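Read through the structure below, which is laid out as structure tokens, and then see the notes.
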Amino acid sequence: MRKQKIQFIILAVICIVCIGGYFGLKNAEFSQDEETTETTVTGFSKDDATELTVTGDHELHFVKENDVWTEQSLPGENITQSSINYLLTLIDNITTSETVIEAPDNLSEYGLEEPYRTISATLSDGSVITIYAGNESSLLSKYYIRVEGDDNVYLVSSYIVTEFDKTAEEFVEEETETNTEEAVSEETEPEEPETAAKAEETAEE
């Protein structure tokens with residue numbers, strides 16, 4: 001009888017351990033699902049953008065006309081088109097898996113009371129997407145941002161902000177060696193033939 005009681009206790013303990021393990025795994029799966037949930041911050045098509053500006057720590061002002069981007073501070077300069085398109089891909093569909101800070105009372109805690117950088121994209125329908133960049137989270141190496149019209153604060157990958165750390169001159173298309181040679185060739189005037197003139201002088205003598 002005593003032996004049966006011991007066996008019963010052992011079986012009960014095993015059942016409790018199994019049940020605990022089952023619920024532990026379910027909780028872990030639930031936590032993992034929570035961590036990988038993506039929150040959409042922005043959503044627009046980069047092809048609809050007609051203007052891209054950056055203000056704050058430095059200034060950029062790109063305008064697209066006839067599908068060609070130009071920099072307003074550098075008239076006449078050819079701008080690397082792929083570089084502008086790349087910047088737009090960084091902000092057209094921003095998502096984050098980090099915890100969303102819902103409508104914080106004190107934006108200064110995140111450097112968003114006076115953002116150090118503002119990125120704006122104007123679309124073909126006249127709407128404007130404005131992103132404010134604040135402090136960097138040194139622990140996560142991510143930046144706090146806020147979007148105009150949205151009271152929430154988001155933590156996003158640092159490159160979304162740091163890739164805009166460029167001057168207007170850095171977007172100027174570099175001249176290839178072939179183009180340079182052609183330009184030099186056009187600027188160089190052909191020398192006048194001297195053979196005929198020398199022959200005439202010799203004949204006169």
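Quick caveat, the model's predicted, so the values are computed rather than measured.
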In the single-linkage hydrophobic clustering (I, L, V, M, F, W, Y; side-chain heavy atoms under 4.5 Å), do [X] and [Y] co-cluster?
{"X": "Phe44", "Y": "Phe164", "answer": "yes"}
{"X": "Ile84", "Y": "Ile160", "answer": "yes"}
{"X": "Ile145", "Y": "Ile119", "answer": "yes"}
{"X": "Val147", "Y": "Leu112", "answer": "no"}
{"X": "Leu52", "Y": "Leu123", "answer": "yes"}

Heavy atoms only: give me the nearest [X]-[Y] pair and the separation to one decimal.
{"X": "Asn152", "Y": "Arg146", "answer": "O-CG, 3.4 Å"}
{"X": "Pro104", "Y": "Val153", "answer": "CG-CG2, 3.5 Å"}
{"X": "Thr96", "Y": "Leu155", "answer": "OG1-O, 2.5 Å"}
{"X": "Val128", "Y": "Ser120", "answer": "CG1-CB, 4.2 Å"}
{"X": "Lys46", "Y": "Asn85", "answer": "CD-O, 4.0 Å"}
{"X": "Glu71", "Y": "Ser73", "answer": "OE1-OG, 2.5 Å"}

Please examine the side chains of Ile94 and Ile131, heavy atoms only from C-beta on, and report whether any two atoms are closer than 4.5 Å.
yes
4.5 Å side-chain heavy-atom contact, Tyr159 and Val161: no
Exercise for review: Report the C-alpha distance between Thr118 and Thr130 in whole Å, list the side-chain angles of each, state the deciding distance to 0.1 Å, and finish with yes or no for side chain to side chain contact (heavy atoms under 4.5 Å, CB included).
Suggested key: CA-CA 7 Å; Thr118 300; Thr130 302; 3.5 Å; yes
Contacts of Ser137 meeting side chain to side chain donor-acceptor pair (under 3.5 Å) (sequence neighbours excluded), chain-then-number -> none
Side chain to side chain donor-acceptor pair (under 3.5 Å) filter on Glu170, not counting sequence neighbours, yields Thr167
Residues pairing under salt bridge (charged side-chain N to carboxylate O under 4.0 Å, His left out) where one sits in residues 116-131, two or more places apart or in two chains, turn out to be Asp57-Arg117, Arg117-Asp165
[atom1]-[atom2] distance between [X] and [Y], expressed to the nearest 0.5 angstrom:
{"X": "Leu107", "Y": "Asn135", "atom1": "CG", "atom2": "CG", "result": "11.0 Å"}
{"X": "Leu88", "Y": "Asn93", "atom1": "CG", "atom2": "CG", "result": "11.5 Å"}
{"X": "Asn78", "Y": "Glu174", "atom1": "CG", "atom2": "CD", "result": "12.5 Å"}
{"X": "Lys166", "Y": "Leu60", "atom1": "NZ", "atom2": "CG", "result": "10.0 Å"}

The complete set of ring pair (Phe, Tyr, Trp, His ring centres under 6.0 Å) pairs with one or both residues in residues 55-110, sequence neighbours excluded, reads Phe62-Phe171, Tyr110-Tyr144
Q) When you look at Ile91 and Ile129, which way does the side chain to side chain contact (heavy atoms under 4.5 Å, CB included) test go after all the steps? A) CA-CA 9 Å; Ile91 62 173; Ile129 311 298; over 6 Å; no
- Task: Using a strict cut-off of less than 4.0 Å between a Lys/Arg side-chain nitrogen and an Asp/Glu carboxylate oxygen, indicate whether Glu98 and Lys142 qualify as a salt bridge.
- Result: yes
Residue set satisfying side-chain contact (heavy atoms from CB on, under 4.5 Å) with Glu136, at least two apart, ordered chain then number -> Ser141, Tyr143
Residues passing the side-chain contact (heavy atoms from CB on, under 4.5 Å) test with Glu59, sequence neighbours excluded, are Thr55
| request: Tell me yes or no: between the side chains of Thr80 and Glu173, is some donor less than 3.5 Å from an acceptor? | output: no
